[in-house]
Number of protein chains: 2
Amino acid sequence: MVSYMGETNRSGGDASQVQSVDRALSVLDLLAKHGELGVTELAAELDVHKSTAFRLVTALDRRDLVQQIGDRGKYRLGLGILRLAAATTGRLEVSHEGREVCERLANELGETVNIAIMEDDAAVNVLQEYGNASVMTRNWIGRRTPLYATSSGKVLLAFADETARKAVLESTLEPLTDNTTTDPQQLLRELDEVARRGWACTSEELEIGLTALAAPIRDGGGRVAAAVSASGPSFRLTPDSFEEVAEKLVAGAAEISSRLGYYGA
Amino acid sequence: MVSYMGETNRSGGDASQVQSVDRALSVLDLLAKHGELGVTELAAELDVHKSTAFRLVTALDRRDLVQQIGDRGKYRLGLGILRLAAATTGRLEVSHEGREVCERLANELGETVNIAIMEDDAAVNVLQEYGNASVMTRNWIGRRTPLYATSSGKVLLAFADETARKAVLESTLEPLTDNTTTDPQQLLRELDEVARRGWACTSEELEIGLTALAAPIRDGGGRVAAAVSASGPSFRLTPDSFEEVAEKLVAGAAEISSRLGYYGA
DNA sequence: CTGATTTGTTGCGTCTTGCACAACGCGAAG
DNA sequence: CTTCGCGTTGTGCAAGACGCAACAAATCAG
């Protein structure tokens, strides 16, 4: 059982292997969430003494993972993070090849466009481009989302090998909203439908008010390696717009696929 | 005094504030450098016991900063890094606006193109696009490089406010190669030249065999906020090609500047 | 198939080291 | 000037991180 939506799960749950490391990583998460925080604020959030928070943040500072704003000011995430991220995306070809198409789709659709890959029992977004719509959407990158409740997840699952499909279908499908598909039989039918028509949609199954559509991206070997999705508020992504949006997503996905060396039928 | 080129400075130097955190960050650096490493290899690199390395990497794994490849396999950087990176680039507008131009420049020039910003006494690359030239270049993102020995640095310094310029000119200019400018007077002359003609170049001043050119990027307020640079092997970026390359860089920089809202003279 | 070697994993006891406390320096605000 | 709040730093104690060693699960040699 792997946890989803890995937010700051501080001070709760199972024993962390190394306390101080865990706390340091909480500092990073907190800074990612809040932007800028002072030592005192961090200490309060972590529920530790000021001096402890200070030493943690200093250790991170020396490695450039955080940076101090003034000389005695608040802290925020540092540019050292980018070095690590560059090494991470280096092995994700789709992240390079997909950016331009995603940017174009985000502009055309006016919605947030993501590319997600499957990792264990989760869909993880590895690239996000914001549409110019005024409604701010959250940052989904790097967050584990359940395969059965997201459009990308359904696409990835629909074209996954039997082992992965079975694992999810036999696991307990926890309801995240009232609309979440929790019945394995119905999920299976939905997946077949997705595989047939070539795109997936989820309406308020992950989060109330959120609707998303997704299409499969294939790599050089023809295997579905990722999914491109558009997500936005349900009042804008209405069912009668699905066909049009899906068409654009499928076309975009095809273009990315061809960049990855897929020229198949 | 801030250290440059923050590689894995493990087991050496000043007392780190929190040992285990420092070691954990070393793990991340090592994985960024080597791609995939096992517990035993990590333990050897860190010079700690196997079990210690295991616990560190497990703590990182729980937060998705690293991921294990098989069920009992090696480890590599995880996608959680991307979440942090997205939060970091969120406040770097130039990183968004500059990508497309950098990609085009990298293709046109066939060299690696970077965008760097000034942070304290260093130039830090925040975006990198690879040219299609066969000579592989290293990943420079997030690495602190000295302002006086890089083309981006000279650009940033040439247009910086007096305080920052003075701080660097009065510091000791450590020679990194035989070609590094170590005389403050000469550096000052070079900076004036850069400001006059609008671009900078460095040949083997940071690293033997490496030549780079850079041009200034201005933000909406007209302030030089970043620099775009092209870097490649000295045998390809020869002095007689400087004018041509610089012209393209300056044009690209101007385009990025206009995207940032700079329409000035 | 079997034994040997290697690698990831885990309980345990000890001593390292991370932590809470408190005091200090420095700004800002009143 | 005083007060308050902030980031920063020495210090002593015990929480907890680490090294040891044994275990488990692969991989390989024969």
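Throughout, a chain's letter reflects where its sequence line sits, starting with A, and its residues are numbered from 1. As a basis for the values below, the full set of heavy atoms in this structure was taken, side chains included, without hydrogen atoms, waters or symmetry mates.
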Rounded to whole angstroms, how far apart are [atom1] on [X] and [atom2] on [N]?
X: D71(B); N: dT7(C); atom1: CG; atom2: P; value: 18 Å
X: H49(A); N: dG7(D); atom1: NE2; atom2: P; value: 13 Å
X: E41(B); N: dT7(C); atom1: CD; atom2: C1'; value: 10 Å
X: D22(B); N: dC18(D); atom1: CG; atom2: P; value: 11 Å
X: L46(B); N: dA17(D); atom1: CG; atom2: C1'; value: 14 Å
X: L42(B); N: dT9(C); atom1: CG; atom2: C1'; value: 15 Å
X: L56(A); N: dT8(D); atom1: CG; atom2: P; value: 13 Å
X: R62(B); N: dT9(C); atom1: CZ; atom2: P; value: 12 Å

Between [X] and [N], is there a contact of a side-chain N or O with OP1 or OP2 at under 4.0 Å?
X: Q68(B); N: dT9(C); answer: yes
X: T52(B); N: dG19(D); answer: yes
X: Q19(A); N: dA17(D); answer: yes
X: Y75(B); N: dT9(C); answer: yes
X: R23(B); N: dA17(D); answer: no

* Structure fact -> Nearest-nucleotide check on DNA chain D, S20(A) vs V57(A); residue mapping nearer the 5' end is V57(A)
* Taking the nucleotide of DNA chain D with the closest heavy atom to each, which residue, F54(A) or V18(A), is nearer the 5' end? -> F54(A)
* Hey, does the side-chain of K50(A) have a donor or acceptor N/O within less than 3.5 Å of a partner on the base of dG7(D)? -> yes
* **Base of dG5(D) paired with side chain of R72(A) (donor-acceptor, under 3.5 Å)** => no
* Interatomic spacing from CD1 in I141(B) to CG in N114(B) - rounded to 0.5 Å -> 7.0 Å
* Which part of the nucleic acid, if any, lies within reach of S51(B) when heavy atoms closer than 4.0 Å are counted: base, sugar-phosphate only, or nothing? -> base
* Asked: Hey, does the Lys NZ or Arg CZ of R223(B) hover above the aromatic six-ring of Y262(B), less than 6.0 Å from the centre and inside 45° of the axis?
  -> no
* Structure fact -> Closest heavy-atom pair, D192(B) versus R165(B), reported as atoms and distance to 0.1 Å, is OD1-NH2, 3.5 Å
* Could you pull out the closest heavy-atom pair between G98(B) and L127(B), with the gap in Å? => C-CD2, 3.9 Å
* To do: Show your reasoning for whether side chain to side chain contact (heavy atoms under 4.5 Å, CB included) applies to H34(A) and E41(A).
  => CA-CA 11 Å; H34(A) 293 102; E41(A) 293 168 295; over 6 Å; no
